[in-house]
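Heads up, the thing below is written out as structure tokens.
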Amino acid sequence: MTWNSSVTFPSSGVSNVPMTISKDFFFLQVKNNSVRNINHVLVNYQLQSGTTEGLLIPNDQYIYNLEYYKAYSNSNVRLENTEATWHWQFESSHLKLPFTQNQSATSNAN
């Protein structure tokens, strides 16, 4: 992740400089259309670089912006409700990462 410019803050008077996110990362959004709340988000599930986020995403059909994660050809996202032993998993083919700068993926749990 790098800045697009050599602007120095605040002396240059510029207050907004876009950041370039390399194709090695993707921004994750989650929309929960299911009947359950999500309380765990596992990105790159069962991969060495996998992460687990303990957070609440209600089943209100809004899109929630999470964060940037490492992008791999086999990246995946697993959404869980551990109270009901429910999960929804998106394999790399469902994420459809284009491997371009500033890429994002939206996981829709149904």
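Throughout, numbering of the chain's residues begins at 1 and tracks the sequence.
Residues Ser75 and Leu97 are in side-chain contact: their nearest non-hydrogen atoms beyond the backbone lie under 4.5 Å apart. Proximity of Thr52 to His40: side-chain heavy atoms (C-beta onward) are separated by under 4.5 Å at one or more points. Using a 4.5 Å heavy-atom cutoff, the side chains of Ser92 and Tyr72 are not in contact.
Under the 4.5 Å side-chain heavy-atom criterion for ILVMFWY residues, a single connected hydrophobic cluster contains both Tyr64 and Trp86. Linking ILVMFWY residues whenever their side-chain heavy atoms come closer than 4.5 Å, directly or via other members, leaves Leu47 and Leu79 in distinct clusters. Clustering ILVMFWY residues whenever any of their side-chain heavy atoms sit less than 4.5 angstrom apart, transitively, puts Tyr62 in the very cluster that holds Val77.
When the options Leu28, Leu66, Val41, Val30 are evaluated for a side-chain contact (heavy atoms from CB on, under 4.5 Å) with Glu53, the one that passes is Val41.
A donor-acceptor pair under 3.5 Å is formed between the side chain of Trp88 and the backbone N or O of Asn108. Panel note: side chain Asn44, backbone Lys70; a donor-acceptor pair is recorded below 3.5 Å. With Asn102 contributing its side chain and Ile21 its backbone, the two residues share a donor-acceptor pair below 3.5 Å. Counting only distance, with no hydrogens or angles, the side chain of Asn110 and the backbone of Asn33 share no donor-acceptor pair below 3.5 Å. Between the side chain of Asn81 and the backbone N or O of Ile38, no donor-acceptor pair lies under 3.5 Å. Judged by distance alone, with hydrogens and angles left aside, the side-chain atoms of Gln29 form no donor-acceptor pair with the main-chain N or O of Ser107 at under 3.5 Å.
Ring-plane geometry between His94 and Phe90 is classed as perpendicular, the angle between the planes exceeding 60 degrees on a 0 to 90 degree scale with a lower cut at 30.
Here the shortest heavy-atom pairing between Asn37 and Pro58 reads OD1-CA, 3.2 Å.
Listed by first and then second residue, the salt bridge (Lys or Arg N to Asp or Glu O under 4.0 Å) pairs involving residues 79-102 are Arg78-Glu80 (not counting sequence neighbours). Residue pairs meeting the salt bridge (Lys or Arg N to Asp or Glu O under 4.0 Å) criterion with at least one member in residues 22-50: none, sequence neighbours excluded. Listed by first and then second residue, the salt bridge (Lys or Arg N to Asp or Glu O under 4.0 Å) pairs that reach into residues 37-47 come to none, sequence neighbours excluded.
For an aromatic pair to be called close, the ring centres must be under 6.0 Å apart, and Phe25 with Tyr68 fails this.
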